[in-house]
There are 2 protein chains.
Amino acid sequence: MWPHCVMVNDEFSLIKRYFTRPNHRKDVIFGVGDDAAVLSLPSGSQLVVSTDTLVEGTHFLPEIDPADLAYKAVAVNLSDLAAMGAEPAWMTLALTLPGVDEPWLKTFSESLFEIARYYGIALVGGDTTRGPLSITLTIHGHVPQDRALYRSGARVGDWIYVTGTLGDSAAGLRCLQGQLSASQSHCQALVRRHLRPRPRVLAGRTLRGLASSAMDLSDGLASDLTHILNASAVGAVIELDRLPLSEILLSVTERETALPWALAGGEDYELLFTVPEAQRGALKRAMSEAGTPYTRIGQITAGVGIDYQRKGKSVELNLSGYNHFEEHP
Amino acid sequence: MWPHCVMVNDEFSLIKRYFTRPNHRKDVIFGVGDDAAVLSLPSGSQLVVSTDTLVEGTHFLPEIDPADLAYKAVAVNLSDLAAMGAEPAWMTLALTLPGVDEPWLKTFSESLFEIARYYGIALVGGDTTRGPLSITLTIHGHVPQDRALYRSGARVGDWIYVTGTLGDSAAGLRCLQGQLSASQSHCQALVRRHLRPRPRVLAGRTLRGLASSAMDLSDGLASDLTHILNASAVGAVIELDRLPLSEILLSVTERETALPWALAGGEDYELLFTVPEAQRGALKRAMSEAGTPYTRIGQITAGVGIDYQRKGKSVELNLSGYNHFEEHP
């Protein structure tokens with residue numbers, strides 16, 4: 001934890017100043033500054049913990065804006081907690097840096113605290129070390145006892161939904177890589193979806209007691225849905241024409257080009273969830289209250305794997321090529 | 001969290017197998033395999049969290065035995081929790097690896113689970129990514145409400161103690177570096193103190209309600225004690241002749257050579273704590289029951305900083321040179 005770096009590396013002890021700010025959460029009994037943080041969980045609740053590492057060269061390029069990097073490190077973890085229906089509360093940050101670059105640290109830490117403040121979470125500890133740039137964030141939240149959402153609860157007949165729209169992040173990445181020609185304003189909007197995904201924290205909490213299973217979309221629908229299917233021992237029909245694509249995405253490319261991005265582009269950080277027929281009405285009311293757009297894209301079946309359909313007929317997908325949609329014989 | 005690496009890097013998805021083992025803690029509602037872990041805290045307790053990163057080249061050399069590395073990553077974090085008086089329960093592991101080296105992973109993971117089993121903690125999640133070797137471990141435990149031990153509670157007149165002996169780890173490091181000539185068996189024992197420090201988990205729990213302040217010794221007594229003094233706004237007298245040195249350490253070097261290692265060598269991972277006079281009897285009984293050796297090394301004063309003494313007289317230390325003990329005029 002931070003207090004330890006002082007003698008090991010004086011220069012690095014300065015860094016912790018960037019990450020020490022007054023805390024306003026009453027459940028932080030003690031945050032940064034002792035051997036460990038002490039935190040108070042609401043009675044009758046369970047702890048939910050997720051951790052993710054971002055490494056330079058693997059998850060981001062050296063030229064990334066440190067503000068985007070800090071945002072994404074937090075957002076990706078928040079998305080995991082959202083998928084559990086959890087309320088985020090606290091995070092710890094392990095930051096490995098090649099050296100002390102104060103402007104970089106200032107931008108990074110300000111962005112980190114900005115998203116933390118927005119979602120009401122406190123930074124309660126961490127470690128700063130010298131080495132190749134990487135960021136490990138561990139996020140802690142809580143759910144009322146036995147109310148967490150898992151991947152394993154989907155039942156035959158349940159409807160399959162996603163929040164928001166799919167494929168914008170993949171299109172944004174292609175804009176960044178110069179592989180998609182579009183107007184500057186369109187590209188900016190798509191790049192923003194890639195760099196600044198909005199974790200569906202409120203939607204996740206809303207789904208408690210309504211969804212039979214949930215997870216967040218990080219690798220892409222085609223891959224992530226198989227986790228729910230495997231964990232729940234069920235199959236699924238996905239209606240390709242129902243996949244929600246944004247107006248911006250459809251204004252820069254054809255629907256057929258965009259579909260593989262929506263299915264396998266990854267990094268959407270939307271929620272994928274299933275809801276029993278009996279809860280459809282309650283879902284509509286709750287999601288409308290939460291102000292979260294969502295779309296029904298298919299149904300859980302007793303089959304195996306994903307059956308992609310168009311107008312009620314199965315079609316074959318070759319997602320490795322990302323662009324073949326052939327009607328099944 | 002682990003389930004996400006599948007599409008990003010198939011090779012790396014294999015790694016998680018090394019870290020997925022049956023869990024025997026009943027308070028792990030869900031461990032590895034969903035978006036996040038769900039954990040149940042005992043009612044009336046508070047969560048205690050600490051995180052530490054070990055980076056190759058900064059904290060360990062490339063030739064380190066992966067079994068020692070895994071042990072140390074866990075032990076260092078356990079030591080932080082011990083210093084809070086907390087009961088360790090769960091950990092998450094963020095492992096960044098340059099590539100998939102199966103023998104290395106096997107040794108590393110077996111050692112990790114061995115120490116986890118010894119201390120009764122469960123690995124509940126993590127992330128494996130490609131990049132320069134580094135390990136971030138976040139450990140979670142709990143304390144009964146308002147019973148955590150902090151650095152800030154030392155009061156004038158309290159006695160200052162350490163568990164175990166000091167300086168063995170520093171001597172072990174010098175053995176490893178070929179800077180200390182001693183018999184092989186002596187060096188082995190000292191190197192073991194350096195590579196396999198025993199976190200004082202039981203002693204930490206024992207000190208709840210007895211110690212007025214506590215922390216773990218990672219940088220060395222001279223540096224770490226100042227954290228307690230600063231947090232508690234007090235000073236201290238340290239009696240140099242009372243510093244506990246092991247028989248092995250005294251058999252390989254003179255006490256005068258060993259003292260700077262005991263004061264500033266670092267990585268002892270013993271507990272440093274203060275106890276009011278009124279609790280001395282209870283301390284003796286409790287520590288004897290816990291089987292933890294401990295030594296009184298000084299007293300908290302109304303002064304500023306540390307007053308090192310010999311036979312009741314102040315002496316001046318130059319710890320930057322590591323070997324000057326001059327009597328104060």
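This one's a predicted model, so the numbers in the text were calculated from it and none came from an experiment.
Note: A/V38 leads A/V38, A/L81, A/V48 in heavy-atom pairs under 4.5 Å with chain B.
In this structure, A/D35 and B/A83 approach most closely via the heavy-atom pair OD2-CB, 3.4 Å. Nearest approach of B/H59 to A/T129, heavy atoms of both residues: CE1-CG2, 3.2 Å.
Between B/V55 and A/P132 the shortest side-chain heavy-atom distance falls below 4.5 Å.
One finds the CG atom of B/L41 at 8.0 Å from the OG atom of A/S45 (value rounded to the nearest 0.5 Å). Taken from CG in A/L39 to CG in B/L47, the straight-line distance is 5.0 Å, to the nearest 0.5 Å. With rounding to the nearest 0.5 angstrom, the CD atom of B/Q46 is 4.5 Å from the CD1 atom of A/I29.
In this structure, chain A has no heavy atom under 4.5 Å from any part of B/A82. Contacts between B/A94 and chain A at a heavy-atom distance below 4.5 Å involve backbone atoms as well as side-chain atoms. Looking at A/A231, there are no atoms closer than 4.5 Å to chain B (heavy atoms on both sides), in backbone or side chain. At a 4.5 Å heavy-atom cutoff, the contact between A/H140 and chain B is made by side-chain atoms alone.
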Quick one, B/D34 with A/H227, criterion side chain to side chain contact (heavy atoms under 4.5 Å, CB included). Give me CA distance, side-chain angles, the key distance, then yes/no. CA-CA 9 Å; B/D34 211 296; A/H227 293 303; over 6 Å; no
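No option in B/T92, B/D127, B/T136, B/V49 other than B/T92 meets the side-chain contact (heavy atoms from CB on, under 4.5 Å) test with A/T138.
By the 6.0 Å contact criterion, CZ on A/R198 is open, its count of non-hydrogen atoms from other residues, nucleotides or ligands being 12 or less.
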